[in-house]
Amino acid sequence: MNSKVPPDLSRMNRAVFEALDHDQLVELTCRLHAVATDLAERLAMNSTNSSRPPSSDPPFGKGGAVAAGSGGAGGAGVTAGGAGNPTPPVPSRKPPQPSGRKPGKQPGAKGKWRDEPLKAERTERLWPCTCDGCGMPLEMWDKEVRTGAAFPVLELERTPGGIRIACVEHRYQVVLCTCGHETEARPGVGVLSFLDGRKRQLHLTERCMVAPSLAAFIAALHIRHHQSRRKIREFLLTWMGVPLSVGSIDRCIREVGVACEPIVQDLLEEVRAAGIIHADETPWYQGVLNCWLWVVLTATTAVFHIGSRRHEEIRDLLGDAIIGWLVTDGYGAYRDYERRQRCLAHLIRKGLALAGGLSPDGVQFGEWLVRELRGLIHAVAEDQGHTILNPIQARMKRACKLHRDHETEKIRALAREILNDWAAIVAFVRNPYLPATNNEAERALRIAVIARRLSFGTRNEEGSAAYAASLSVVETCRRRHVDPWSYIAETLGRARAGFMHNPIPAAA
Ligand SMILES: [Zn+2]
């Protein structure tokens with residue numbers, strides 16, 4: 001026997017094994033053992049013991065044990081070799097011990113600061129509106145006594161040829177009212193985002209070196225274009241000649257998130273009232289917590305939410321009384337909703353996996369199921385009558401019933417899954433305006449999945465809420481053909497001054 005040729009697994013079953021004599025069985029067992037060892041070693045590969053990149057490693061629970069709740073995000077390391085296994089165990093990386101230090105600058109470390117002050121290219125004067133003394137509105141002709149606060153602000157300007165960053169000195173003027181009282185204009189103050197145990201809380205205020213226009217640009221580079229804070233710093237310094245610290249850039253990204261948060265509640269109301277709602281979820285890491293990032297979206301509105309993996313999370317998000325249809329994958333959290341369309345692309349993929357498998361029954365059932373599902377989608381799309389649609393559904397149901405007690409687990413599981421969720425799978429036949437797939441939600445989640453792979457998630461609740469709110473606003477604006485960054489700049493400006501946000505304009 002040539003041990004290089006892999007054994008043909010598709011030809012093996014219980015009857016074949018029972019027909020073999022002792023020597024043949026030993027030989028076969030050895031070859032199967034070799035295959036199993038090879039597969040186990042391949043499963044245990046990671047960046048420390050193979051040429052795989054570190055980005056392919058699971059972010060948490062590295063090393064030996066299977067990561068707790070790695071929930072579909074590319075299963076984690078599996079140990080090879082148990083007791084009595086002659087092959088050496090594949091070395092696994094030890095989970096890093098937490099140093100106990102907080103991220104960022106350490107106490108006592110030398111700080112960094114600007115060597116020379118920013119040079120303003122022009123000044124902008126700001127006046128108080130009403131008199132603090134008598135409450136009357138101040139007029140153009142009231143006398144300016146002096147300048148109170150003054151500080152440089154970096155503003156992003158759009159020019160016909162592109163963009164530039166201008167340094168403008170904001171001067172807050174003191175005005176003398178006719179009543180004799182002097183009133184000083186002051187930078188506006190917005191909300192305080194409080195996080196327990198943080199030395200310096202995030203306070204939105206107009207007394208800030210980065211104007212809302214530049215903050216929105218920085219947020220765009222981070223959220224939409226996946227640039228890290230350090231890369232943004234390098235970009236601004238190299239291409240725009242603007243020295244900003246990583247801390248200032250981080251602050252801008254957080255401020256945008258905090259300013260976007262109140263908008264999410266409005267968006268959620270709009271989603272709940274829609275006729276068709278897509279919902280999906282993907283794993284997300286918040287510090288060491290394993291969370292889900294949920295998305296619910298309609299044609300013109302999207303809401304992202306980072307929360308627990310509890311089934312109730314979607315109910316908390318959408319509420320009990322949605323009037324529309326929910327389009328989802330097969331995840332159990334959505335099963336309580338009656339008016340639901342199940343994503344058929346997921347089932348087709350499962351069918352294709354069976355069709356490409358080793359079990360002959362599975363190949364047959366998988367190929368057949370894929371053909372019927374695709375046929376059903378086409379028939380509905382072409383508006384065929386019941387004489388075509390009903391037989392397809394009847395054939396599918398009958399085949400699933402035939403396979404629901406099959407000896408192979410995967411076949412059995414798929415057949416039962418289809419039968420258990422039958423109403424949701426064929427809902428689009430009676431309601432042809434329903435989409436047969438959940439691609440809309442999956443596409444919207446892509447940006448977050450890429451961000452997760454690059455950044456390993458968020459660190460705390462503030463970061464999660466801010467990131468989800470920013471994503472919601474950006475995606476909603478894109479769906480409504482509104483420039484998200486102008487809207488975000490305007491919203492941040494209002495939030496820093498302590499004003500309510502304006503709603504996102506309706507689709508043009
Ligand atoms: Zn007055």
Side-chain angles (χ1 to χ4, degrees), residues 113-114 116-158 164-195 198-219 242 244 248 251-252 254-263 265-266 466 469 473 485-505:
W113 50 85
R114 209 174 292 284
E116 45 192 74
L118 291 169
K119 279 200 192 87
E121 58 181 58
R122 60 169 200 272
T123 59
E124 203 174 299
R125 291 190 295 171
L126 298 117
W127 298 277
C129 296
T130 51
C131 171
D132 283 350
C134 65
M136 294 298 285
L138 292 165
E139 302 291 351
M140 294 278 292
W141 47 85
D142 285 325
K143 194 181 170 209
E144 279 178 42
V145 187
R146 59 175 185 277
T147 299
F151 50 89
V153 175
L154 296 166
E155 291 181 358
L156 184 90
E157 293 176 348
R158 296 199 187 202
R164 65 181 292 273
I165 294 176
C167 183
V168 182
E169 190 180 48
H170 282 199
R171 290 187 173 179
Y172 289 83
Q173 300 298 97
V174 181
V175 174
L176 178 67
C177 177
T178 42
C179 76
H181 187 87
E182 285 183 4
T183 305
E184 185 182 341
R186 286 201 178 81
V189 175
V191 292
L192 175 79
S193 178
F194 185 84
L195 199 68
R198 182 160 61 180
K199 259 192 184 167
R200 218 163 127 191
Q201 302 296 344
L202 180 63
H203 200 173
L204 267 60
T205 161
E206 284 185 322
R207 184 184 276 278
C208 185
M209 194 179 57
V210 184
S213 52
L214 181 56
F217 180 63
I218 288 171
V242 172
L244 273 186
S248 301
R251 190 189 156 91
C252 292
R254 281 170 183 266
E255 273 189 295
V256 165
V258 170
C260 286
E261 269 171 55
I263 305 169
Q265 214 49 43
D266 300 356
V473 170
W485 309 109
S486 304
Y487 176 76
I488 283 177
E490 178 206 318
T491 305
L492 180 57
R494 293 182 68 85
R496 279 181 178 176
F499 296 127
M500 255 283 276
H501 62 270
N502 286 328
I504 302 179

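Residue numbers run from 1 in the order of the sequence given. Everything numeric here is computed off the predicted structure, so don't read it as measured data. When reading the values below, keep in mind they use all heavy atoms of this one structure, side chains included, and skip hydrogens, waters and symmetry mates. Both ligands and their constituent atoms are indexed starting at 1 by order of listing.
- A salt bridge is defined here as a Lys NZ or Arg NE, NH1 or NH2 lying under 4.0 Å from an Asp or Glu carboxylate O, and R164 with E157 meets this definition.
- Listed by chain and number, the protein atoms of type N/O/S under 2.8 Å from the Zn ion (ligand 1) are C131 SG, C134 SG, C177 SG, C179 SG; waters are omitted.
- Looking at E206 and R496, their side chains come closer than 4.5 Å, going by heavy atoms from C-beta outward.
- By the 30° and 60° cut-offs, the orientation of the rings of Y172 relative to F151 is parallel.
- Counting heavy atoms from C-beta on, the side chains of C208 and E255 come closer than 4.5 Å.
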Practice task
Quick one: do R171 and E144 satisfy salt bridge (Lys or Arg N to Asp or Glu O under 4.0 Å)? Show the steps, please.
Solution key: CA-CA 12 Å; R171 290 187 173 179; E144 279 178 42; over 6 Å; no
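- Counting heavy atoms from C-beta on, the side chains of I218 and L244 come closer than 4.5 Å.
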